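All remarks here apply to the structure that follows.
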Amino acid sequence: MSSLVLVLGNKNFSSWSMRAWLALRLAGLPFEERLIWLDEDADREQRLQHSPAGRVPVLLHDNVAIWDSLAIAEYVAELSPDRGLWPAARVARARARALCAEMHAGFTAIRTIMPMNCRARREPRDRGPDVAAEVARVTALWEDTRREFGGSGPLLFGTPTLADAFFAPVASRFRTYAVPLTGAAAAYRDAVLDLPDVCIWLEQAAAETHELEPFASMP
């Protein structure tokens with residue numbers, strides 16, 4: 001296979017970059033990382049060199065640029081059909097795609113009020129009804145999917161899939177902002193954060209020294 005290049009932003013702050021990176025790791029595909037410090041690219045000049053959308057992540061493969069995390073996930077799943085990035089069963093596969101699509105399009109309160117900051121640890125506090133409603137929705141999705149499709153494994157569909165890659169940044173946010181979870185939701189959060197690839201990402205994020213306001217100062 002010809003080379004793959006993933007253009008991504010600060011690992012500490014870029015949740016969408018994390019999703020694409022995890023998708024490639026789950027696919028078992030070798031790839032080069034090309035990191036753009038978002039705090040040094042305020043005018044998006046570097047990002048625009050890779051995609052007219054001016055956002056990260058972008059996957060470069062031969063003469064093709066794929067500039068959306070969900071599209072990247074689908075692309076690498078097709079490149080590695082034997083890796084089980086989507087569940088094999090039709091109904092489970094449809095659920096996994098629905099989960100990724102809802103994560104991709106929704107949860108704006110969580111994104112806005114609890115931006116990704118892997119290395120930070122905040123005190124628990126009331127973050128408003130919109131965040132509370134979205135946290136309840138996320139935890140219901142986790143609990144229902146685990147109950148229906150998880151089997152004996154610790155993840156949403158038992159073994160790692162793209163759905164776990166898409167919720168890994170949310171699990172990190174819940175730890176950063178000390179969101180109280182119990183039962184199956186807490187167990188799933190911990191299982192995702194314990195995945196080897198997630199641990200590698202979080203370790204690398206913690207080693208970064210760049211800051212990105214206002215994410216870095218969000219209480």
Side-chain angles (χ1 to χ4, degrees), residues 3-27 29-61 64-77 79 85 100-122 162-177 192-193 195-219:
S3 61
L4 293 160
V5 177
L6 182 65
V7 183
L8 66 164
N10 308 45
K11 290 187 174 180
N12 192 55
F13 298 111
S14 182
S15 58
W16 294 111
S17 295
M18 184 182 188
R19 292 180 175 100
W21 187 90
L22 287 173
L24 281 157
R25 298 281 292 195
L26 286 175
L29 298 171
F31 64 98
E32 174 192 343
E33 293 182 30
R34 193 169 298 169
L35 196 145
I36 294 174
W37 298 113
L38 302 179
D39 48 306
E40 295 180 355
D41 192 40
D43 59 1
R44 301 191 301 162
E45 181 179 352
Q46 295 180 59
R47 281 168 281 178
L48 287 166
Q49 292 175 12
H50 300 289
S51 164
R55 297 184 176 185
V56 286
V58 180
L59 181 65
L60 307 175
H61 189 205
V64 175
I66 303 102
W67 63 86
D68 176 88
S69 59
L70 189 54
I72 291 170
E74 290 280 10
Y75 189 79
V76 299
L79 290 178
L85 272 67
C100 290
E102 184 171 353
M103 183 68 257
H104 189 266
F107 304 108
T108 55
I110 287 176
R111 298 183 200 282
T112 302
I113 298 172
M114 298 195 304
M116 177 136 144
N117 190 342
C118 300
R119 63 175 175 257
R121 295 293 181 270
R122 306 305 191 209
L162 290 170
D164 302 304
F166 268 66
F167 278 110
V170 180
S172 176
R173 279 177 162 102
F174 284 179
R175 183 169 68 179
T176 293
Y177 295 97
V192 169
L193 294 177
L195 288 172
D197 288 331
V198 173
C199 289
I200 291 170
W201 177 279
L202 295 176
E203 288 170 3
Q204 293 173 353
E208 292 178 350
T209 58
H210 287 244
E211 295 292 358
L212 187 63
E213 296 295 345
F215 289 7
S217 57
M218 189 69 71

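All of these numbers come straight from a predicted model, not from anything done at the bench.
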*Residues H50, W67; criterion side-chain contact (heavy atoms from CB on, under 4.5 Å); working and verdict*: CA-CA 9 Å; H50 300 289; W67 63 86; over 6 Å; no

*asked:* Under the criterion salt bridge (Lys or Arg N to Asp or Glu O under 4.0 Å), I'd like the reasoning laid out for K11 against E203: C-alpha separation, chi angles, the key distance, then a yes or no.
replied: CA-CA 9 Å; K11 290 187 174 180; E203 288 170 3; over 6 Å; no

_side-chain contact (heavy atoms from CB on, under 4.5 Å), that's the test. Do I200 and R25 meet it? Break it down for me._
CA-CA 11 Å; I200 291 170; R25 298 281 292 195; 3.2 Å; yes

*Would you sort out whether L4 and E32 count as a side-chain contact (heavy atoms from CB on, under 4.5 Å), showing the intermediate values?*
CA-CA 6 Å; L4 293 160; E32 174 192 343; over 6 Å; no

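One finds the CZ atom of F167 at 9.0 Å from the CZ atom of F174 (value rounded to the nearest 0.5 Å). Atom-to-atom distance recorded for L22:CG and S69:OG is 11.5 Å, nearest 0.5 angstrom. Within the model, atoms CG of L60 and CZ of R34 stand 6.0 Å from one another, a figure rounded to the nearest 0.5 Å. How far CG of L195 is from CH2 of W201: 14.5 Å, rounded to the nearest 0.5 Å. Here the straight-line distance linking atom CZ of F166 with atom OG of S15 works out to 10.0 Å at 0.5 Å rounding. Note that CZ of R19 and OG of S14 are 9.0 Å apart. Values are rounded to the nearest 0.5 Å.
The closest side-chain donor-acceptor pair between D39 and H210 falls under 3.5 angstrom. Using modelled atom types and a 3.5 Å distance limit, the side chains of W37 and E208 yield no donor-acceptor pair.
Counting all heavy atoms, side chain and backbone alike, P57 lies closest to L6 at CB-CD1, 4.0 Å. Among all heavy-atom pairs drawn from L70 and C100, the shortest one is CD1-CB, 4.0 Å. For the residue pair V198 and A168, the shortest heavy atom distance occurs at CG2-CB, 4.2 Å. Smallest separation of non-hydrogen atoms from A65 and V58: CB-CG1, 4.2 Å. Smallest separation of non-hydrogen atoms from A71 and I66: CB-CG2, 3.6 Å. The nearest pair of heavy atoms linking A73 to L162 is O-CD1, 3.7 Å.
At distances below 3.5 Å, at least one donor-acceptor pair connects side-chain atoms of D43 with backbone N or O atoms of E45. Side chain of R47 to main chain of A53: no donor-acceptor pair is present (N/O by atom type, distance under 3.5 Å, no hydrogens or angles).
The aromatic ring centres of H104 and W16 sit less than 6.0 Å apart.
The environment of R55 atom CZ is sparse: at most 12 non-hydrogen atoms of other residues, nucleotides or ligands sit within 6.0 angstrom.
With a 4.5 Å cut-off on side-chain heavy atoms, I36 and L8 do not count as touching. For the pair I72/W21, no side-chain contact is recorded, criterion being any heavy-atom separation below 4.5 Å from C-beta on. Under the 4.5 Å side-chain criterion, counting only non-hydrogen atoms from C-beta, P115 is in contact with Y177. Between N117 and F13, the closest side-chain pair of non-hydrogen atoms falls below 4.5 Å. In this structure, the side chains of V76 and L59 come closer than 4.5 Å at one or more pairs of heavy atoms. For the pair V170/V192, no side-chain contact is recorded, criterion being any heavy-atom separation below 4.5 Å from C-beta on.
Residues meeting the side-chain hydrogen bond (donor to acceptor under 3.5 Å, both in side chains) test with E74, sequence neighbours left out: W86, R97. Annotation: side-chain hydrogen bond (donor to acceptor under 3.5 Å, both in side chains) contacts of R175 (sequence neighbours excluded): none.
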